[in-house]
Amino acid sequence: MESNTALDCFNALAHESRLTLFRLLVEAGDEGMSVGELAEATGMAGATLSNHLNILRRADMVLDERRGRVILCRANYAQMNALIGFLTENCCAGSSSAACKPASACKPVRRK
């Protein structure tokens, strides 16, 4: 990941409402959540929610898919893991400590 791409991701996540939306989508896993479910979970008005989702989409942090009349949103785990990789790529490069090691990539599971 390039620095400018990472900055776009951080900018998208640097708002409490967008961070909340992204975390809800990460928690939802591969199934994602509909825009209606996100509105219900957050209490956001439609226009506000749409604006926040568009900012997350432009940073490629959220993917969506239309299913009939429903728009299903999902966290883009590849982009999230790339951002984590960007942050940790040189982690502990000057340390010999075995305790210093980046976390593994997120692999979403389906909700039951």
Side-chain angles (χ1 to χ4, degrees):
M1 176 176 280
E2 299 292 324
S3 292
N4 286 340
T5 304
L7 288 171
D8 290 342
C9 294
F10 287 128
N11 183 52
L13 295 171
H15 186 282
E16 184 177 3
S17 296
R18 290 191 295 270
L19 184 58
T20 298
L21 288 168
F22 186 72
R23 291 186 62 162
L24 283 169
L25 292 172
V26 168
E27 185 179 333
D30 277 339
E31 293 179 17
M33 295 176 73
S34 71
V35 172
E37 289 173 321
L38 288 169
E40 186 176 321
T42 62
M44 285 184 210
T48 302
L49 177 60
S50 179
N51 182 54
H52 287 312
L53 286 171
N54 283 333
I55 292 169
L56 289 166
R57 285 181 192 112
R58 282 194 298 272
D60 203 24
M61 296 299 291
V62 169
L63 306 171
D64 59 27
E65 167 188 353
R66 181 172 288 280
R67 289 190 182 168
R69 298 180 68 189
V70 175
I71 297 174
L72 188 66
C73 298
R74 291 185 189 87
N76 184 348
Y77 293 100
Q79 184 79 331
M80 180 185 77
N81 288 332
L83 182 60
I84 293 168
F86 174 82
L87 290 172
T88 60
E89 71 183 337
N90 296 319
C91 180
C92 307
S95 173
S96 60
S97 171
C100 179
K101 155 173 125 173
S104 62
C106 177
K107 295 179 179 118
V109 295
R110 293 212 180 265
R111 289 189 285 185
K112 295 178 180 162

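The shortest distance between side-chain heavy atoms of Thr48 and His52 falls below 4.5 Å. In this structure, Leu83 and Thr5 have side chains that are not in contact, with every pair of non-hydrogen atoms separated by 4.5 Å or more. Put simply, the side chain of Ser34 does not reach to within 4.5 Å of the side chain of Arg67, judged on heavy atoms. Within the 4.5 Å cutoff, the side chain of Leu21 has heavy atoms near those of the Leu49 side chain.
Counting all heavy atoms, side chain and backbone alike, Ala75 lies closest to Phe22 at CB-CE1, 3.9 Å. Counting all heavy atoms, side chain and backbone alike, Gln79 lies closest to Ala59 at NE2-O, 3.0 Å. When all heavy atoms are compared, the tightest approach of Glu37 to Gly32 is OE1-O, 4.5 Å. The shortest heavy-atom contact between Ala82 and Met1 is CB-CE, 3.7 Å. In plain terms, the two heavy atoms of Met44 and Ser17 that are nearest each other are CE-CB, 3.4 Å.
Around CD of Glu65, the count of heavy atoms belonging to other residues, nucleotides or ligands within 6.0 Å exceeds 12.
One finds the CG atom of Leu56 at 12.0 Å from the CG atom of Asp8 (value rounded to the nearest 0.5 Å). Of the inter-residue distances, the one linking Ile71 atom CD1 with Ser50 atom OG reads 8.0 Å to the nearest 0.5 angstrom.
In this structure, Asn11 contributes its side chain and Leu7 its backbone to no donor-acceptor pair below 3.5 Å. Within the 3.5 Å criterion, the main-chain N or O of Asp30 finds a donor-acceptor partner in the side chain of Arg74. For the pair Asn76 (side chain) and Asp60 (backbone), a donor-acceptor distance under 3.5 Å is present. Judged purely by atom type and a 3.5 angstrom limit, Thr42 uses its side chain to pair as donor or acceptor with the backbone of Leu38.
Linking Ile, Leu, Val, Met, Phe, Trp and Tyr whenever their side-chain heavy atoms come within less than 4.5 Å leaves Val70 and Met33 in two separate clusters. Linking Ile, Leu, Val, Met, Phe, Trp and Tyr residues whenever their side-chain heavy atoms come within less than 4.5 Å leaves Phe10 and Ile55 in two separate clusters. Cluster membership check: Leu24 does not share its hydrophobic cluster with Leu63, using side-chain heavy-atom separations under 4.5 Å among Ile, Leu, Val, Met, Phe, Trp and Tyr. Linking ILVMFWY residues whenever their side-chain heavy atoms come closer than 4.5 Å, directly or via other members, places Leu19 and Val62 in the same cluster. Taking hydrophobic clusters as Ile, Leu, Val, Met, Phe, Trp and Tyr residues chained together by side-chain heavy-atom distances below 4.5 Å, Leu53 does not share a cluster with Leu72.
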